[in-house]
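Data block below; observations after.
Residue numbers start from 1 in every chain, and the chains themselves are labelled A, B, ... in the order their sequence lines are given, proteins ahead of strands.
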Amino acid sequence: MAITFEQVNFSYGAGTTLAQRVLHDITVDMPTGKVTAIVGQTGSGKSTLIQHINGLLKPTSGQIRIDDFELTASTKEKELVNLRQKVGIVFQFPENQLFANTVLEDVMYAPLNFGATKDAAKLEAARALNRVGVSEDLWGKSPFELSGGQMRRVAMAGTLASNPSVVVMDEPAAGLDPKGQTELLSIVLELKKLGKTIIFISHQMDHVVAVADQVVVMNEGRVVAKETPRQLFNRELSWFQTMKLDLPKAGQLAEKLKDKGVTLSRRPLDLGELAELINQEVGHE
Amino acid sequence: MTQAIKIDNLKYNYNNDQVLFDGFNLTIDSGQWVALVGHNGSGKSTLAKLILGLIAANSGNIDVFGERLTVDTVHHVREQIGMVFQNPDNQFVGATVADDVAFGLENKQIPSVEMPRMIDEALSIVGMLDFKDREPHMLSGGQKQRVALASVLALQPKIIILDEATAMLDPDGRATIMHTLQDLKARFGHDITFVTITHDMDEAILADRVVVINDGQLILDGTPANVFSQYDVIHNNGLELPFAGELAEKLDAKPKSYLDERELIQWLSRLNK
Ligand SMILES: Nc1ncnc2c1ncn2[C@@H]1O[C@H](COP(=O)(O)OP(=O)(O)OP(=O)(O)O)[C@@H](O)[C@H]1O
Ligand SMILES: Nc1ncnc2c1ncn2[C@@H]1O[C@H](COP(=O)(O)OP(=O)(O)OP(=O)(O)O)[C@@H](O)[C@H]1O
Ligand SMILES: [Mg+2]
Ligand SMILES: [Mg+2]
């Protein structure tokens, strides 16, 4: 399911004296079967943008096309039922999306709601919980009696279990331990293999490099770049400073090496590439 | 050396859950910066809540600056600790950002003439001065985290506990917070103690000491260089080394011992001569 934003403007409290204009003339597409990463400094409008994809927020003007559905300011709530089934969102604060009495029931909710039998829903939920590494002894607990990272995992399982065509993740790595973060990245790639359209918000450029086909950079409510990770992270350093963005850690380290007189033949994107460049190019003159 | 926090033979479990801490010990000296790391569910936040007296141990003792934590002392103990919780939403009390910072100051009975300056100072450190009159709940995730940090900084507590307080900050925000901690340490020396809970090992390495826990047990405890020399133990506990450490592991020519980023860069530049 392809997603296209066309000249989208959005204000919180639109029409009131407190209106806060947050999105400005956003035109961008997020292609089917691809991972689109969204990056940008705190408050740049990432979470606001993605809440338009399932109609939680509606544009003040402009439109969003999700497959053959068109979301505008005048879209009615009841028209959104179908869309909500197709778009799964893992929110920035997982607590806000947990609600059931037990972990298992929480994750079973979506499949049940979308018409699965109880047994089928349980199977889906079990599979999703295992996939995100929530051990079985936690399934009977209240989702509110979990650690931060465990809650994040359960929220993610809830979204996976509903098997949406579009998966939106808003800083899904926050709170996950390093192993969990690596697992998350492999889940994203797995979802992509299944043909899903994925939107991935992150402040960690290493994660962006690991999964993204294209990166959308937001700044003060505007899209200021849309390109592949390779293109993006080859930009001038000063640009990253203006946008308050980082290079991936490999690129940062390469820049520091350069300052010490060790110049690599290109700016590496990840650990593997950096190690390879050093192995080939450093100390073998 | 004054002991800021002394945890002695601590036992704790949630209601019907299995035992989480079973005879846990940890002493943190005043002036120390301790990074507390461990996989999800290992007990880090629980430990923080125990130190703050938000939950009570089954047995064992917690002393804060030599004062035993009990029902009678809990308020006094808490006054000396500033904590930023994992989810900032759980911590907002004010109707506006400024009120939220003011709340803690009022509790500390700071004269009201001094408050505006202190509020502005704390908010400007985290870059949120322009949001002073906004409602905390209507902020972005990273903005919420910044405000939560400002509320704690304004109090100038003797102990600051940050529970993944930078998890949702942009790179700029993270760097600001780390610099702020380093500044405070330079300014207050032995009078300021930090416990930073984090999953970011490049943040942990900034501490004086790294403590690794797993299911309520202390696995490793030492200087960053010490702890991050233990590649296997770290990985077996769901963690990783700081970036430079992971890089060194992948090099054909490896340095003999664990090097931090600055040292590794130096080592590589010498190799190139
Ligand atoms: N409910 C709300 N009401 C009014 N303003 C809001 C609301 N939520 C967010 N904002 C404002 O809109 C702007 C964009 O916020 P948004 O949450 O989209 O940012 P973000 O890019 O996701 O940031 P972060 O990286 O910190 O999560 C911010 O300036 C924020 O203060
Ligand atoms: N309120 C609660 N009631 C019951 N059990 C809880 C509660 N909070 C946490 N737990 C359990 O206690 C264990 C330790 O949780 P804690 O929150 O201390 O972990 P953590 O190290 O902070 O993890 P994370 O990195 O995910 O934040 C976990 O197994 C968790 O499920
Ligand atoms: Mg956000
Ligand atoms: Mg925690």
Side-chain angles (χ1 to χ4, degrees), chain A residues 12 20 39-48 92-96 133 135 137-138 141 145-150 152-153 170-171 173-182 203-206 244-246 249-250 252-253 256-257 259-262 271-272 274-276 278-279 281-283 285, chain B residues 14-15 17-18 37-46 86-90 127 131 134 138-146 163-164 167-174 199-202 235 237-240 243-244 246-247 249-253 261-262 264-266 268-273:
Chain A
Y12 283 103
Q20 301 268 354
V39 306
Q41 69 183 95
T42 293
S44 56
K46 304 178 296 296
S47 299
T48 305
Q92 192 163 2
F93 293 103
E95 277 100 322
N96 304 347
S135 71
D137 48 320
L138 296 176
K141 278 182 85 162
E145 296 183 345
L146 298 176
S147 80
Q150 289 167 343
R152 166 82 56 195
R153 288 166 195 250
D170 195 348
E171 293 187 41
L176 292 180
D177 57 34
K179 186 160 164 238
Q181 295 183 24
T182 308
H203 287 301
Q204 282 167 274
M205 299 307 134
D206 290 49
K244 300 204 171 153
L245 285 179
D246 264 353
K249 285 177 180 171
Q252 290 182 39
L253 202 133
K256 288 177 191 162
L257 274 173
D259 291 342
K260 290 277 177 233
V262 185
L271 179 66
L274 173 61
E276 202 180 292
I278 292 176
N279 286 337
E281 300 176 7
V282 178
E285 268 97 307
Chain B
Y14 286 101
N15 334 331
D17 256 33
Q18 67 219 52
V37 305
H39 68 76
N40 290 138
S42 55
K44 304 178 298 294
S45 299
T46 304
Q86 205 162 353
N87 181 348
D89 272 331
N90 298 342
F131 292 79
R134 293 277 294 274
M138 294 190 172
L139 295 173
S140 81
Q143 289 168 341
K144 286 178 182 173
Q145 259 183 340
R146 286 169 187 242
D163 193 352
E164 295 184 47
M168 281 174 200
L169 294 184
D170 57 14
D172 190 58
R174 276 178 187 234
H199 291 299
D200 181 349
M201 300 306 134
D202 283 297
H235 279 263
N237 280 281
L239 304 174
E240 61 185 12
F243 186 78
E246 293 293 336
L247 174 63
E249 280 298 315
K250 283 196 157 27
L251 296 180
D252 294 340
E261 185 186 81
R262 197 181 48 83
L264 182 68
I265 288 172
Q266 217 160 47
L268 284 169
S269 69
R270 257 188 252 120
L271 203 64
N272 211 31
K273 292 266 154 66

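- The choice from A:Q252, A:K260, A:K46, A:K256 that makes the most heavy-atom pairs within less than 4.5 Å of chain B is A:K256.
- When each of B:D172, B:D89, B:D170 is scored by its heavy-atom pairs under 4.5 Å with chain A, the top score falls to B:D170.
- For A:Q92, the parts lying under 4.5 angstrom from a heavy atom of chain B are both the backbone and the side chain.
- For B:Q86, the part lying near chain A is the side chain, with the backbone staying farther off; criterion is any non-hydrogen pair under 4.5 Å.
- The part of B:R146 that comes within reach of chain A is its side chain, from C-beta onward, which places non-hydrogen atoms under 4.5 angstrom from that chain.
- Of the atoms belonging to A:Q41, heavy atoms from both backbone and side chain fall under 4.5 Å from chain B.
- Contacts between A:D206 and chain B at a heavy-atom distance below 4.5 Å involve the side chain alone, from C-beta outward.
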_salt bridge (Lys or Arg N to Asp or Glu O under 4.0 Å) for A:D177 and A:R153? Distances and angles first, verdict last._
CA-CA 11 Å; A:D177 57 34; A:R153 288 166 195 250; 3.2 Å; yes
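- For a residue to count as touching a neighbouring chain, one of its non-hydrogen atoms must lie under 4.5 Å from one of that chain's; by this rule A:L176 touches chain B with backbone and side chain alike.
- With sequence neighbours left out, B:Q145 forms a side chain to side chain contact (heavy atoms under 4.5 Å, CB included) with B:P88, B:A167, B:M168, B:L169.
- Proximity to chain A involves both the backbone and the side chain of B:E246, based on heavy atoms less than 4.5 angstrom apart.
- For chain A, no part of B:S45 is nearby; none of its heavy atoms comes within less than 4.5 Å.
- Contact annotation for B:E261: only side-chain heavy atoms (C-beta onward) come within less than 4.5 Å of a heavy atom of chain A.
- The residue among A:S147, A:G272, A:A173, A:G261 with the most heavy atom pairs within less than 4.5 Å of chain B is A:S147.
- For the set A:D246, A:V262, A:L271, A:L274, the count of heavy-atom pairs under 4.5 angstrom toward chain B peaks at A:L271.
- Heavy-atom distances place no part of A:D170 under 4.5 Å from chain B, backbone and side chain included.
- A:D137 pairs by the side chain to side chain donor-acceptor pair (under 3.5 Å) definition with A:S135, not counting sequence neighbours.
- For A:E276, no part lies under 4.5 angstrom from a heavy atom of chain B.
- The candidate from A:K141, A:M205, A:Q181 with the greatest count of non-hydrogen atom pairs under 4.5 Å with chain B is A:K141.
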